[in-house]
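Throughout, numbering of the chain's residues begins at 1 and tracks the sequence. Scope of the values below: all heavy atoms of this structure, side chains included, with no hydrogens, waters or symmetry mates.
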Amino acid sequence: LICKEMSRLLEVLDQARSDLEVLAVDQQADADDMPENLHGGERHERAETVAEELDQLADELADLIKTLDDLRSGDET
């Protein structure tokens, strides 16, 4: 039962990681598509910061997924 719940949790976390990656790419594209006169401004910087933080969060979630998956794999042996 715990293994089944862990598998379900890993699926949900992996979907969230994937969604975060898509959001990061979209946010960066939005920042890149801003008019040149806004580049370097507060709004542009905020957009880029959000994109970077979303990407970082996706990476951290991937690390968590790997750790949980390793833990689950260790429990099965």
Same cluster or not: are Ile65 and Val22 linked, directly or through other Ile, Leu, Val, Met, Phe, Trp or Tyr residues, by side-chain heavy atoms under 4.5 angstrom apart? no

Flag the pair Arg46 / Glu42 as yes when at least one side-chain heavy-atom distance between them is below 4.5 Å, and no otherwise. yes

Glu48 and Ala31 have their tightest heavy-atom pair at CG-CB, 3.8 Å

State the CG-CG distance between Asp26 and Asp33, to the nearest 0.5 angstrom. 10.5 Å

Looking only at non-hydrogen atoms, find the nearest pair between Met34 and His44 and report the distance. SD-CA, 3.7 Å

Just how far is it from atom CD of Glu11 to atom CE of Met6, taken to the nearest 0.5 Å? 12.5 Å

Once you round to the nearest 0.5 Å, how far does CZ of Arg8 lie from CG of Leu13? 12.0 Å

So, for Arg17 and Ala62, which heavy atoms are closest and what is the spacing to 0.1 Å? CD-CB, 3.6 Å

Out of curiosity, does Leu57 fall in the hydrophobic cluster containing Leu68 (side-chain heavy atoms, cut-off under 4.5 Å, transitive links)? yes

Flag the pair Leu10 / Asp14 as yes when at least one side-chain heavy-atom distance between them is below 4.5 Å, and no otherwise. no

Spatial distance of atom CD (Gln56) from atom OG1 (Thr49) [nearest 0.5 Å]: 11.0 Å

Nearest heavy-atom pair of Ala58 and Glu21: which atoms, and what distance? CB-CG, 3.7 Å

Shared ILVMFWY cluster between Leu61 and Val25, side chains joined below 4.5 angstrom? no

Within a strict 4.5 Å, meaning less than it, do heavy atoms of the Asp19 and Gln15 side chains meet? yes

List the atom of Ala24, the atom of Asp55, and the distance in Å for their closest heavy-atom pair. CB-N, 3.7 Å

Decide, yes or no, whether a salt bridge links Arg72 with Asp69 under the criterion of side-chain N to carboxylate O below 4.0 Å. yes

